Amino acid sequence: MPPIPVFENPTREFFQTSIQPSRRPAILRHLNIGPCLAKWSPDYLALSVSSHKQVVVHESTCNRLRFLNKNFVYTTLPFCDFVEKAVAGGEKSQNGRKYYYYRALASGDPRSSRADFRADFPELAGDFVFPDVMEPETVFSSVFRCGSADLGLFLHYDVMDNVLCQIRGRKRAILFDPEDVDYLYLQGGDKSLIHDPENVDLNVFPLFAKAASWTCDMDEGDVLFIPAMWMHYMRSIEFSVAVNVFWCNLPREIYDAKDTYGNKDLLPYTRATQGVDRALKQLDVLPRDLQRFYARMLRAKIDKFLTITEPLRKETNGFGCGAAEDCSAQFS
Ligand SMILES: O=C(O)CCC(=O)C(=O)O
Ligand SMILES: [Fe+2]
């Protein structure tokens, strides 16, 4: 299991010249994220946010949320009731408990606008400082997230670079390199059929044994850099509150303008996949055996592309040293 390196209070310059270009996850520790760290108890959140605020949350009797083949429902609650239920839901002693998870959506129409923490939670805006690692004008969205203890959020990827700021409660993060995508059973885009990488039935998902999981336990105040396309699974250990910030690390025109969640595939890929569909359609006129023969020839082209393009990362962790400990010592 490769360790996720830890960097103590990295400067924006160091982040942008060393951490971000490595295309590997990293824990950024002791960055200033504001007074939320001391203030955001469940009571404070419930009392500060307008009693009129309604939120749409995931509710489940199961504490490992599955997106494909859903095991949760969306339900609308006043924010303060949600906080109370999320706190209670995670308690071990309760029977028949329910688990709750909230991912903030834009306060306007979520189909056309993106989450913006400061606008969505004006009462809390002053408590949270965006970590000073990305260029402010590239920020795409900022998302308030809150949920019960011991709740796993399904394995998925997002298409933008992201910093997940863990504010309340510890959380286990498990990430997978995009190079391992062949072992992760993605279905129809950004979600995996494997919803809980800590409990995988290898009879059903045998290739998963080849995937390397990059794991860390985040403490309150830790900021996890999740590079675009790194699959991630998050399990809260305690009642959890976080804010994550997505930003456009590539030129704006690469992103789908209709994306509001940060998870619609990049336009060059959308065009490429349409091209593949058109290419395969050309084979329709042939008998089945020849269609399959030429489809294999097409696949060989893609295999060749993968062998001539070198993977970005080799054995070391990309920071020019072999072990995470070395790195954190070096850059503390
Ligand atoms: O920690 C969570 O609740 C989910 C985080 C996540 O998926 C993200 O930041 O992209
Ligand atoms: Fe995510």
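Values below: all heavy atoms of this structure, side chains included; hydrogens, waters and symmetry mates excluded. Both counts, for ligands and for their atoms, begin at 1 and track the order of listing. Computed from a predicted structure; not experimentally measured.
Listed by number with element, the atoms of ligand 1 under 4.0 Å from a non-hydrogen atom of Asn162 are 8 (C), 9 (O), 10 (O). Listed by atom number, the atoms of ligand 1 under 4.0 Å from Asn244 heavy atoms are 9 (O). Less than 4.0 angstrom separates some heavy atom of Leu153 from each of these atoms of ligand 1: 4 (C). Ligand 1 places these atoms under 4.0 Å from at least one heavy atom of Lys171: 1 (O), 2 (C), 3 (O). For ligand 1 and Tyr101, the ligand atoms under 4.0 Å from any heavy atom of the residue are 2 (C), 3 (O), 4 (C).
Counting heavy atoms of neighbouring residues, nucleotides and ligands inside a 6.0 Å radius, atom CZ of Arg252 exceeds 12 of them. Atom CD of Glu84 is surrounded by 12 or fewer heavy atoms from other residues, nucleotides or ligands within 6.0 Å.
Between Tyr99 and Tyr101, the ring center distance fails the sub-6.0 Å criterion. Two rings, from Tyr183 and Phe205, have their centers 6.0 Å or more apart. For an aromatic pair to be called close, the ring centres must be under 6.0 Å apart, and Tyr102 with Phe82 satisfies this. The aromatic ring centroids of Phe67 and His195 lie 6.0 Å or more from each other.
Inspection of the environment of the Fe ion (ligand 2) yields the following protein N, O or S atoms under 2.8 Å: His156 NE2, Asp158 OD2, His232 NE2.
Figure legend: Lys191 and Tyr185 shown without cation-pi pairing, the cationic atom not lying both under 6.0 angstrom from the six-membered ring centre and within 45 degrees of its axis.
A continuous path of hydrophobic side-chain contacts links Phe239 to Leu124 [ILVMFWY only; heavy atoms under 4.5 Å].
The closest approach between His156 and ligand 1 falls below 4.0 Å for a heavy atom of the residue. Not a single heavy atom of Gln166 sits less than 4.0 Å from an atom of ligand 1.
With hydrogens and angles left out, the side-chain atoms of Asp177 and Trp214 include no donor and acceptor closer than 3.5 Å.
Contacts with ligand 1 closer than 4.0 Å are made by no heavy atom of Arg103, backbone or side chain.
A salt bridge links Glu198 with Arg235: the distance from a Lys NZ or Arg NE/NH1/NH2 to an Asp or Glu carboxylate oxygen falls below 4.0 Å.
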